[in-house]
Protein chains: 2
Amino acid sequence: MARHDEVLIALRRIIRATDMYSRRLSKIAGLTAPQLLVMQAIARQGEMTMGDIADEVSLSQATITTILDRLEKRELIQRLRGSTDKRRVYAHLTESGTELLARAPTPLQEEFISRFASLSDWEQSLILSSLQRVAAMMNADDIDASPVLDLGAMDRAQPATDINEQRQRQTGAQPPAKTPAKHTFSEATRK
Amino acid sequence: MARHDEVLIALRRIIRATDMYSRRLSKIAGLTAPQLLVMQAIARQGEMTMGDIADEVSLSQATITTILDRLEKRELIQRLRGSTDKRRVYAHLTESGTELLARAPTPLQEEFISRFASLSDWEQSLILSSLQRVAAMMNADDIDASPVLDLGAMDRAQPATDINEQRQRQTGAQPPAKTPAKHTFSEATRK
DNA sequence: CTCTATTGTTTTGACATCTAACCTTTATGG
DNA sequence: CCATAAAGGTTAGATGTCAAAACAATAGAG
């Protein structure tokens, strides 16, 4: 078995564990992992537009919409249409949302966190940088995305012309603690 | 920002990249990543039951069912009820399934593979073992579920050496997945 | 001051996933 | 033998997720 096959297996296990924890979270805390992440982001900023949230948590806008739909239905967040720019929609936590969030656990398994914390410092940074490298290697081809790409593509899918479009949202992954900040939100000072 | 928060971010990026590649695969090759994995597994074994596949690719049986539903609808695989044991259902590739599979790319981004391959040997194994360790740390609490809630136990006495032991047979990978049962208790409560 | 391009969201349609509940069949204990 | 448990699959119901298309509102060009 090739090394990269083992990588794939490990990745799928990680992905699955993440998913299963999300479901467990949902049972014990009433929030799935993405819901929790989104709410934490909103709590940090006070109020955010859909696009801001999407950038912050690295999900598409469409996904944010559906997540907020569910949160809104449960009255954990509220949407407010922007007054100056009516295209924007601002989300903020409700009373009960804030409360629920306060009682919620972390979006990463406690078990994992404590195990990870018990590793020595150099082991932790080794693991972290490995993950970041993998992430970078996987996201990289997003950036250049060979403009031509395989012949086999055209005899099957007609579209296939859209590779350049998404170059707006890739964050380097190198700088440790750095909010992407591609979006300055200074809307309130509009005329 | 805490180390484990950075871990979380890296993980989410990896998960997202994996998902996006799956969609791209689906466009250029007509198969998503899980579909491809399932078909490759079947191709290797010739013929497999739902449960075998589930174990092999680390997904639940229900998921395999829905994936095979789609593949069967497109006539890429076929289901055959077992003759001796009629509970079993065997899946095998059809003519066109074999053909499509032959033309399909790898389930991991080529770009990633070549980047990974270009790393030195020790780097590769460093990354691989980091991933395997993360996977092991995340899946670990699956095993016990709730014996005690230690915390005080480990932060003092143990030099944290036995945490690594959990991953004994990961690298061997002969018997893949092996979800530790834990599922067999809630069955016959219907009545 | 219109007409059009751009920007921000939502909707649509398709997959992937899981748990829990439900069927079928086989295995087992009296 | 037969009732019941166990094993293998499928169905139902929820989420998450994305690309693309559809909408809505603002910004720009003439």
Side-chain angles (χ1 to χ4, degrees), chain A residues 12 15-27 31-35 37-38 48-55 57-71 79 81-91 157 159-163 165-166 168-169 183 185 187 190-191, chain B residues 12 15-27 31-35 37-38 49-55 57-73 79 81-91 179 181-191:
Chain A
R12 295 214 80 90
I15 291 173
R16 191 174 193 220
T18 300
D19 181 46
M20 301 223 290
Y21 177 63
S22 176
R23 287 169 208 273
R24 193 135 53 87
L25 243 190
S26 161
K27 276 218 160 145
L31 290 175
T32 65
Q35 288 171 352
L37 286 174
V38 165
M48 299 176 85
T49 68
M50 305 298 112
D52 290 340
I53 301 175
D55 287 346
V57 302
S58 280
L59 290 173
S60 77
Q61 221 168 352
T63 302
I64 300 301
T65 293
T66 71
I67 290 176
L68 286 195
D69 283 348
R70 279 185 265 272
L71 293 177
R79 277 175 166 112
R81 203 101 220 171
S83 49
T84 68
D85 185 341
K86 296 205 201 66
R87 289 171 302 183
R88 289 172 198 276
V89 175
Y90 295 90
T161 48
D162 48 350
I163 286 87
E165 262 41 44
Q166 56 246 103
Q168 30 166 250
R169 103 152 86 255
H183 244 276
F185 41 101
E187 72 299 308
R190 207 67 194 93
K191 52 185 128 296
Chain B
R12 295 214 81 89
I15 292 173
R16 190 172 193 225
T18 300
D19 181 47
M20 302 223 289
Y21 178 63
S22 177
R23 287 168 207 274
R24 192 135 54 87
L25 243 189
S26 160
K27 274 216 160 148
L31 289 175
T32 64
Q35 288 171 352
L37 287 174
V38 166
T49 67
M50 305 297 112
D52 290 342
I53 301 176
D55 287 347
V57 303
S58 280
L59 290 173
S60 77
Q61 219 167 5
T63 302
I64 300 301
T65 293
T66 71
I67 290 175
L68 286 195
D69 283 347
R70 278 185 269 273
L71 292 177
E72 190 173 33
K73 196 174 304 168
R79 278 176 166 109
R81 203 101 220 171
S83 49
T84 68
D85 185 341
K86 295 204 201 71
R87 289 171 302 183
R88 288 179 147 81
V89 175
Y90 294 91
T179 18
K182 83 139 176 13
H183 182 48
T184 48
F185 57 95
S186 61
E187 285 302 340
T189 47
R190 170 178 45 103
K191 196 143 284 114

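Quick note on labels: first sequence line is chain A, next is B, and so on, each numbered from 1. Hydrogens, waters and symmetry mates play no part in the numbers below; they use all other heavy atoms, side chains included.
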Under 3.5 Å, which protein N or O atoms sit close to an N or O of nucleotides 25-29 of chain C? Give each pair with its distance.
residue, atom, partner, partner atom, Å
C:dT26, OP1, B:T84, O, 3.3
C:dT26, OP1, B:K86, N, 2.9

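OP1 or OP2 of C:dA16 sits under 4.0 Å from a side-chain N or O of B:R70. At the phosphate of C:dT9, OP1 or OP2 sits under 4.0 Å from a side-chain N or O atom of A:T49. Side-chain N/O atoms of B:S60 include none lying less than 4.0 angstrom from OP1 or OP2 on C:dT17. Here A:R81 does not reach the OP1 or OP2 of C:dT10: none of its side-chain N or O atoms lies under 4.0 Å away. One finds no side-chain N or O of A:Q61 lying less than 4.0 angstrom from the OP1 or OP2 phosphate oxygen of C:dT7. In this model, the phosphate group of C:dC18 is approached by a side-chain N or O of A:R16 to a distance below 4.0 Å at OP1 or OP2. Residue B:K27 has a polar side-chain atom (N or O) positioned under 4.0 Å from OP1 or OP2 of D:dA20.
The residue B:T32 sits close only to the backbone: its heavy atoms come under 4.0 Å of sugar-phosphate atoms, none of a base.
With the nearest nucleotide of DNA chain C identified for both A:R23 and A:I64, A:I64 has the one nearer the 5' end.
Taking every side-chain heavy atom of B:A62 into account, C:dC18 is the closest of C:dC18, D:dG9, C:dG8. Out of D:dG9, D:dT15, D:dT17, the shortest distance to the side chain of B:M50 is found at D:dG9.
Counted by atom type alone, A:D52 and A:T49 present one or more donor-acceptor pairs between their side chains at under 3.5 Å.
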